[in-house]
Amino acid sequence: MTDRILILDFGSQVTQLIARRVRESGVYCEIHPFNKVTADSLKSFGPKGLILSGGPSSVLDANAPLPPACVYESGLPILGICYGQQSMCHQLGGKVESGHEREFGRAYVDISDDCALFHGAWAKGGREQVWMSHGDRVTAIPPGFRSVATSEGAPFAAIANDDKRYYAVQFHPEVVHTPHGAKLLANFVHGVCGCKNDWTMAAFRAQEIAKVRAQVGPGRVICGLSGGVDSSVVAALLHEAIGDQLTCVFVDHGLMRMGEAEQVVNVFRDRFNINLVHCDASDLFLSKLAGMTDPELKRKTIGGLFIDVFEAEAKKVGGADFLAQGTLYPDVIESVSFIGGPSVTIKSHHNVGGLPTRMNMKLVEPLRELFKDEVRALGRELGLPEEMVGRHPFPGPGLAIRIPGQEITRDKLEILRKADAIYLEEIRNAGLYDAIWQAFAVLLPVRTVGVMGDSRSYDYALALRAVTSTDGMTADFYHFDMNFLGRTANRIINEVKGINRVTFDVTSKPPGTIEWE
Ligand code: XMP
């Protein structure tokens with residue numbers, strides 16, 4: 001078993017970042033809700049150390065979430081971060097007080113003593129930048145602890161109990177605004193907990209192949225392939241694990257970008273030699289979408305049809321015992337979060353959530369433990385082409401939601417495809433593709449007057465969108481150079497018949513969303 005760390009979640013917005021940093025340092029870790037941890041679960045998970053996350057609560061509240069006693073009885077090293085530090089101090093005999101000024105944002109800590117967390121990063125006497133976000137603060141530390149760093153707003157910015165191997169910090173080492181934070185976390189997991197550097201995608205590949213074989217046995221697995229990163233990696237991994245017991249179904253809804261459908265068939269059928277059913281259902285999708293302009297109706301129609309077609313194709317190949325899905329770790333954390341709760345539906349996202357019960361299949365989810373960047377690394381490890389692995393996200397309903405407020409027709413799809421391909425080609429040529437989270441063109445439901453040569457034109461206007469983001473939840477528009485935009489607009493208007501005006505979308509999310517529908 002790989003060495004591992006357990007992170008107890010107290011509801012911080014950035015708990016996932018702790019896990020990212022720990023894994024980036026080569027150590028496997030999981031996030032569990034603090035109230036699901038028991039002596040037995042600790043024993044079976046077998047961590048070499050524990051991290052207590054931050055959180056929005058106050059330890060002074062009557063029903064404050066606190067680590068269960070088994071955490072301290074385990075004898076394991078513990079790192080408390082922000083609320084995690086306060087709960088440690090509160091439970092172990094120190095003091096936490098509220099009512100002080102909130103400290104939020106960049107702050108500086110003075111390093112007052114050496115500490116195992118600081119090796120190779122911070123030295124006694126130094127002043128270092130950190131990120132703070134707290135209202136309450138520790139005002140007395142428990143017996144056995146010493147103070148190793150202080151800040152203006154937090155007299156005990158970092159504390160240590162070397163005998164017990166307990167460490168705690170008021171600031172957030174997991175965010176990039178604490179420049180040496182990743183090193184501090186690496187020092188905890190390697191130096192203090194003694195974890196090896198054994199979390200690699202090569203190790204994961206071997207481990208997961210064995211797991212899939214054990215789970216599936218001689219059974220048959222069906223996998224929906226979309227050409228996106230997640231489903232592509234699932235397919236390549238499963239094929240390596242179970243070969244011809246896997247059948248992939250690619251439901252081609254006719255709403256893909258230029259050359260994408262051909263690429264899916266080319267890579268998976270021709271290069272990987274995977275059993276692939278390519279179902280060209282574009283006539284069906286386009287006929288059902290005819291006359292439809294409402295975004296939610298489009299999304300629901302496409303989602304429903306997708307499931308129907310997928311199910312029919314699965315029956316044709318004789319059914320299967322398992323359905324493979326590209327569920328990722330953030331989805332898993334989301335679904336077990338103790339503070340989760342229904343949020344407002346902004347858009348009905350397209351997925352195959354209802355399928356397994358409807359078709360009476362069990363799930364195979366080999367990416368359940370991975371973050372997106374790890375999925376990409378695994379894809380490279382499996383030999384998938386870079387343009388597939390490094391690809392921007394693409395929505396399930398495809399180009400249908402990029403022809404907003406109007407009926408979708410083959411002609412419009414063709415115009416949009418050509419413009420989108422030119423835009424992406426220009427972005428790639430300028431070396432900007434990897435700096436952008438997502439870039440695409442949107443065909444607007446408006447025609448404008450122009451002059452081409454000596455004659456009047458009356459054609460569609462097109463919007464270009466490009467955003468930066470880390471998770472798609474918030475986004476900023478990408479700040480292109482104006483010459484780039486001018487050059488791209490020119491090419492699109494000259495090369496794509498049907499477009500005579502190009503605009504650039506400078507809306508961030510919120511208040512906008514990334515897609516237009
Ligand atoms: P929005 O438009 O909600 O998009 O800001 C956030 C991210 O989600 C993608 N997106 C989808 N992905 N099915 C998907 O698989 C969908 O129905 C869907 N709608 C939006 C969007 O492209 C962006 O990356």
Side-chain angles (χ1 to χ4, degrees), residues 223-235 250-257 260 264 285 288-289 292 294-307 309-310 324-331 334-335 342-355 365 367 371-373 375-376 388-405 408 416-417 420 423-424 427 433-444 463-478 505-517:
C223 172
L225 198 54
S226 67
V229 183
D230 305 339
S231 67
S232 300
V233 173
V234 168
F250 168 38
V251 176
D252 185 352
H253 50 22
L255 304 164
M256 308 284 280
R257 287 170 294 189
E260 241 170 2
V264 171
F285 277 82
K288 294 278 191 213
L289 285 170
M292 217 176 261
D294 178 74
E296 275 301 282
L297 203 56
K298 279 186 198 169
R299 283 174 168 276
K300 293 209 162 109
T301 305
I302 295 168
L305 269 182
F306 183 90
I307 291 182
V309 175
F310 186 87
Q325 277 195 171
T327 314
L328 303 192
Y329 196 44
D331 311 325
E334 197 76 7
S335 66
S343 53
V344 190
T345 302
I346 308 285
K347 301 175 182 182
S348 316
H349 271 218
H350 163 99
N351 62 42
V352 289
L355 261 181
E365 299 176 303
L367 311 182
F371 288 109
K372 190 85 179 185
D373 47 343
V375 174
R376 294 206 159 99
M388 223 166 213
V389 171
R391 169 177 292 180
H392 290 168
F394 185 64
L399 298 181
I401 57 172
R402 294 177 180 174
I403 303 182
I408 293 148
L416 178 58
R417 260 187 206 115
D420 189 73
Y423 181 37
L424 288 177
I427 287 176
Y433 191 83
D434 293 338
I436 294 171
W437 164 268
Q438 214 170 351
F440 54 89
V442 179
L443 189 70
L444 302 182
L464 300 180
R465 180 108 168 106
V467 296
T468 53
S469 176
T470 48
D471 53 10
M473 303 296 286
T474 59
D476 190 12
F477 73 90
Y478 186 76
D505 178 358
V506 292
T507 319
S508 58
K509 172 182 179 175
T513 54
I514 295 177
E515 302 290 345
W516 277 44
E517 280 197 334

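Predicted model only: the values in this text are computed from it and were never measured. Each ligand, and each atom within it, is numbered from 1 in the order the structure gives.
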Short list, please: which atoms of ligand 1 are under 4.0 Å from a heavy atom of Pro397? 13 (N), 16 (C), 17 (O)
Atom indices of ligand 1 within 4.0 angstrom of Arg299 heavy atoms, with elements: 16 (C), 17 (O), 18 (C), 19 (N), 20 (C)
Considering only NZ, NE, NH1 and NH2 on the basic side and carboxylate oxygens on the acidic side, decide whether Lys372 and Asp471 come within less than 4.0 Å. no
Proximity winner for atom 6 (C) of ligand 1, if only heavy atoms of Lys509, Glu517, Arg465 are counted: Lys509
Examine ligand 1 and decide if any of its atoms is less than 4.0 Å from a heavy atom belonging to His392. no
Backbone of Glu517 reached by a side-chain donor or acceptor of Arg299 within 3.5 Å: yes
Below the 3.5 angstrom mark, is there an N/O of Arg402, backbone or side chain, next to an N/O of ligand 1? no
Has ligand 1 got any nitrogen or oxygen that is less than 3.5 angstrom from a nitrogen or oxygen of Gly396? yes
Give the atoms of ligand 1, by number and element, whose distance to some non-hydrogen atom of Thr513 is under 4.0 Å. 1 (P), 2 (O), 5 (O)
Within reach of ligand 1, part of Pro393 (heavy-atom separation under 4.0 Å): side chain
Can the ring centroids of Tyr433 and His392 be said to lie less than 6.0 angstrom from one another? yes
Under a 3.5 Å distance rule, please check whether Gln438 uses its side chain to pair with a backbone N or O of Thr468 as donor and acceptor. no
Note: Glu260-Arg391 ion pair, threshold 4.0 Å (strictly below): yes
Restricting to non-hydrogen atoms, name the atom on Phe310 and the atom on Gly224 that form the minimum distance, rounded to 0.1 Å. CE1-CA, 3.4 Å
